[in-house]
Amino acid sequence: MSWEAVIGLEVHVQLAADSKIFSGASTRFGSEPNSQASLVDLGMPGTLPVLNEKVLDMALLFGLAIDAEVTGHSVFARKNYFYPDLPKGYQTSQFDHPVVGKGHLRIVLDDGTEKTLGITRAHLEEDAGKSLHEGFGGMTGIDLNRAGTPLLEIVSEPDMRSGTEAVAYLKKLHSIVRYLGISDGNMAEGSMRCDANVSVRRSGETAFGHRTEIKNVNSFRFVDKAINHEIERQIDVLEDGGRIEQETRLYDADKNETRSMRTKEEADDYRYFPCPDLLPVRVTDDDLQRLRADMPELPDSKRARFVHDYELSAYDAHVLVAERAVAEYFEATVSAAGGEAKLSANWITSELLGMLNREELSIEHARITPQQLGTIIRRIQDGTISSKIAKQVFEAVWNDEGDPDTVIEQQGLKQMSDSGELEAIVEQVLADNAEQVEAYKAAEPKKRKKMFGFFVGQVMKATGGKANPQQANALIEQKLEQ
Amino acid sequence: MAIDHTTVERTAHLARIRLEDGDAEDLYGRLNEILGLVDQLQQADVDGIEPMAHPLDLDQPLRPDEVTASDNRDKILRLAPAEEDGCFLVPRVIE
């Protein structure tokens with residue numbers, strides 16, 4: 001019996017505003033507890049919330065980026081529940097008139113398959129404070145600095161069919177919010193938080209199965225693992241004749257399992273109603289026009305342009321555009337490398353991103369500039385250095401040993417261009433390895449290829465890698481034929 | 001539309017309102033009177049009328065994204081029955 005998983009994600013994105021959604025308190029991370037809790041955030045009598053215009057712009061910009069219905073009319077509502085870190089007894093959110101309506105985005109999977117996924121809505125809301133359960137002698141400490149921090153909750157359609165697709169969706173959202181500059185998307189600091197709704201059904205069925213909600217799966221890797229684990233768990237339960245309870249489950253990364261948090265028997269009843277403290281929000285066509293004009297080139301169009309203009313493979317383009325800063329680095333490198341796009345792409349996707357990954361640095365902290373990398377690529381192109389030596393130059397620049405040309409000059413890394421000098425070295429190598437030369441000459445042609453490589457290796461060793469490989473090959477071949 | 005005792009008790013629970021013995025009976029009657037008025041309102045013909053989100057026919061004013069609030073910590077913590085290390089203290093809550 002085969003099964004199909006149905007997955008939808010709810011993603012909370014913290015918007016990168018300096019002040020809170022409804023108050024003038026700072027949103028800075030890591031300040032002293034309660035030093036950024038204003039009277040509005042605390043819900044003190046006599047205070048009134050006023051919407052932050054930048055937060056609204058950011059939500060609208062997101063709506064435009066996912067081709068969503070942006071009606072220009074939205075309403076804030078109160079979501080009522082009691083918890084000590086929610087000082088007002090309700091969260092100001094949006095219910096039946098969200099700021100962003102139906103939209104969609106495209107994902108590309110590792111095998112190159114593309115899929116369009118629906119986004120149901122995105123709405124603005126305020127974050128709650130933080131409850132600290134440790135270090136207060138059996139009590140709970142409440143820090144309300146986070147209360148009122150602007151969030152955009154993005155709800156997807158149940159369009160995903162595997163953990164892999166869910167990760168691709170999340171990565172795409174991450175990419176879009178960073179391109180738009182509306183969030184830093186930092187999952188470790190909670191700027192992007194993900195809840196997953198998961199159900200399974202027998203292949204071919206159209207009705208959805210009972211779903212569970214997995215809370216707070218807060219890294220790309222855990223989203224994949226938590227969802228796949230939950231899919232397997234549900235299939236096991238159903239195949240054993242059991243039934244899935246609609247419930248909230250928590251993912252435990254250490255044990256790689258999900259466990260029940262609370263059943264939804266007493267389904268949350270939030271008694272939403274329009275917030276009387278806030279008026280309906282109206283956005284004019286002029287506002288939308290202004291935002292459209294500010295819209296940066298987004299990953300999808302950038303990818304298409306890279307494939308078209310630079311003749312990159314779809315895969316390379318996909319890797320390069322995921323981060324706006326990487327895409328910009330690439331374009332600057334190409335121009336410094338005299339238009340050499342393919343080599344630039346190769347160097348960035350393998351050497352540079354590999355190095356950043358090993359050193360756990362972001363591209364902003366790369367220790368080689370696009371101009372320097374472009375120079376290295378030009379030096380490969382004009383035959384000054386070989387690709388192999390280029391890697392050495394790359395590392396030298398990375399380690400602050402100077403600009404590429406200085407490094408090449410000072411460390412004597414230029415390829416040997418003098419064929420007389422190289423010829424002498426080749427002759428010496430062949431003379432030193434007379435036995436191998438005899439063996440080569442006696443060998444069958446098909447075995448010769450591997451043996452030939454030995455001589456090339458010896459010549460490279462003797463020249464410290466500075467021999468031009470084509471030239472060396474030609475000379476060795478010529479000498480061996482004699 | 002009318003509600004029963006269970007709904008009254010459930011609503012009270014959701015709103016964290018403690019009902020004494022006999023309160024539910026009293027509230028049950030009064031709430032149903034109010035709901036009777038709501039029923040009457042619902043008979044009004046509202047075809048073609050856009051639902052109203054706010055009684056004032058105004059749009060939400062916006063404020064620039066600027067930090068204007070200052071640190072009130074000492075003042076607000078003084079209002080709390082218990083505090084420690086800058087945090088409000090409440091009975092332990094953990095799910």
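Residue numbers begin at 1 in each chain, while the letters A, B, ... track the order of the sequences. What you see below is based on every heavy atom in this structure, not just the backbone, and it leaves out hydrogens, waters and symmetry mates.
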Give a yes or no answer on whether the side chain of B:Gln60 reaches the backbone of A:Leu279 with a donor-acceptor pair at less than 3.5 Å. yes

Between B:Arg63 and A:Glu53, does at least one N-O distance fall below 4.0 Å, as a salt bridge requires? no

Using non-hydrogen atoms and a 4.5 Å limit, figure out which bit of B:Leu89 sits close to chain A: side chain, backbone, both or neither. both

Considering only heavy atoms, which portion of A:Pro84 lies under 4.5 Å from any heavy atom of chain B: side chain, backbone, both, or neither? side chain

If one checks every heavy atom of A:Val50 against chain B at 4.5 Å, the contacting part turns out to be both

Working to the nearest 0.5 angstrom, can you tell me the gap between B:Asp65 CG and A:Asp18 CG? 5.0 Å

Hey, could you give me the CG/CG distance between B:Asp59 and A:Leu51, rounded to the nearest 0.5 Å? 12.0 Å

Does any heavy atom of chain B fall under 4.5 Å from the side chain of A:Asn52, the backbone, both, or neither of them? both

Select one option (side chain, backbone, both, neither) describing which atoms of B:Glu84 are under 4.5 Å from chain A's heavy atoms. both

Can you say whether A:Lys130 sits under 4.5 Å from chain B via the side chain, the backbone, both, or neither, judging by heavy atoms? neither

Can you say whether B:Ala15 sits under 4.5 Å from chain A via the side chain, the backbone, both, or neither, judging by heavy atoms? both

Do any of residues 89-101 of chain A come closer than 4.5 Å to chain B, heavy atom to heavy atom, and if so which ones, in number order? none

Does any backbone or side-chain atom of A:Pro150 lie under 4.5 Å from a heavy atom of chain B? Answer side chain, backbone, both or neither. neither

So which residue, A:Phe76, A:Tyr81, A:Phe82, A:Phe22, ends up with the most heavy-atom pairs under 4.5 Å with chain B? A:Phe82

Contact part of A:Leu144 toward chain B, heavy-atom cut-off under 4.5 Å: side chain, backbone, both or neither? side chain

Do A:His133 side-chain atoms and B:Arg92 backbone N/O form a donor-acceptor pair below 3.5 Å? no

Can you tell which part of A:Gln36 gets under 4.5 Å to a heavy atom of chain B, answering side chain, backbone, both or neither? neither

Do the side-chain N and O atoms of A:Ser35 and B:Asp71 include a donor-acceptor pair separated by under 3.5 angstrom? no

Quick one: what part of A:Ser26 sits under 4.5 Å from any heavy atom of chain B, side chain, backbone, both or neither? both

Are side-chain heavy atoms of B:Val67 and A:Thr27 found at a separation under 4.5 Å? no

Any donor and acceptor pair, going by atom type alone, linking the side chain of A:Ser38 with main-chain N or O of B:Ala69 inside 3.5 Å? no

